[in-house]
Amino acid sequence: MSDFSQWVPEHIRTLGGYTPGKSLRQAQRESRVNCIKLASNETPFGPSPRAVQAMQAVLRECNFYPDNDAGELREKLAERHHVEPEQVVVTAGSTSLLGIIARTLLSPGLNAVTSERSFIVYPIATKAAGGQLIEVPMRDNGFDLDALAAAIDHNTRLVFIANPNNPTGTLVGPDALDRFLEKVPEHVIVILDEAYCDFAQHFATARGTKYSHSLDYVRDGRKVVVLRTFSKAHGLAGVRVGYGLGPAELMSYFARMRTTFSVSSVAQAAALAALEDEAHTRKAVVNNSEQADWLVRRLAELGYRVLPTWANFVYCELGEDAAAVAKNLQNEGVIIRPLGPWGAPTAIRITIGTPEQNQTFLKAFKKVMEKAAVR
Ligand SMILES: Cc1ncc(COP(=O)(O)O)c(C=O)c1O
């Protein structure tokens, strides 16, 4: 028997893998009940019918390799965001771009800075690139920008900010971000991960406040890369398409690091069509903000601490073993995310679903928590 570990570098051997939300099939097999999935921040409304049609049409041509640069999509995104096409790089989801960014800019001896309890891919991408991740404590359940600025040293190359943050759903406002960027030294690039921007923008409008002017940084040529994805409000998580916006030269390095032909023609066609179907995205964000209010209120009435959300999920502190609650909920047909892997073993994250799904969740949740109280 070979011992392969001896050939694997230390930083890869010690890498923790990504633990995804449980799939419907796996959960149903385990619990032997029909389930709804409120575990991975997907939209409950599926992809746009226009995207489905576009994908079906392109399937007939899938003997051909895709456009490696996703030229048409890149142009469309540039036009939409008022930047140059050279400032856009399209990748197989923003997770893959995070890996590309880390591999391009980090190596042993260099580090990235982020907050504790943020997107779980930041540590993986950083460590896989041989870099070190510095995680600063949170302030008010969100990013502490002062602590972030203080943690930057001369070996820092990247700062990751998820805005809104996953899993806490908190927001960093545009003024605070402006002030933070003033403090960031020349040798550091700030990654603004805006996976949930459509939801946040809608909340901001409804709440009479501003979400972000991240694209101004890109237009002004600042050392900022904005990440966006089609996985959330556009409902295309399964086909893998996301993009980054930033300085053209940097984007060209990222494009070189991208796995050749990794954004399929199906994904490119779907994204192009999804961009055109604003009514579909709107339905998702409107439902989300209405249902977020409903869900937060109901959980608070039951006495749980729930954070106000800017995204399509809710962070809820249970004060008891979240993994056990998640297992019992799954047996009642609802998959949610216990947050032990984020260092919050007594908290859960619930993706906001349709009104019916949220009612199903609440009913199951009450039953599970009542049973737990009796024990
Ligand atoms: C903050 C954040 N960034 C990026 C992603 C990943 O998006 P994608 O599906 O494009 O890889 C997620 C997904 O959950 C996320 O929460």
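Each ligand, and each atom within it, is numbered from 1 in the order the structure gives. Predicted, not measured: the structure shown is a model, and the values here were computed from it. The residues of the chain are indexed from 1 along the displayed sequence.
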Exercise. Mind checking whether H11 and K127 have side chains closer than 4.5 Å, heavy atoms only?
Worked result: no
For this session: Output yes when E276 and R50 qualify as a salt bridge under the 4.0 Å nitrogen-oxygen rule, no when they do not.
Result: no
Problem set entry | Short N-O contact, K223 and E186, less than 4.0 angstrom | yes
Exercise. F313: what forms a ring-ring contact (aromatic ring centres under 6.0 Å, His included) with it, not counting sequence neighbours?
Worked result: Y196
Problem set entry | With sequence neighbours excluded, residues passing ring-ring contact (aromatic ring centres under 6.0 Å, His included) with Y253 | none
Seminar exercise, completed: Sorted by chain and residue number, the residues with a non-hydrogen atom under 4.0 Å of ligand 1 are G93, S94, T95, F119, N166, D193, A195, Y196, T229, S231, K232, R240
Problem set entry | Pairing residues for N111 by the side-chain hydrogen bond (donor to acceptor under 3.5 Å, both in side chains) criterion, not counting sequence neighbours | D153, T156
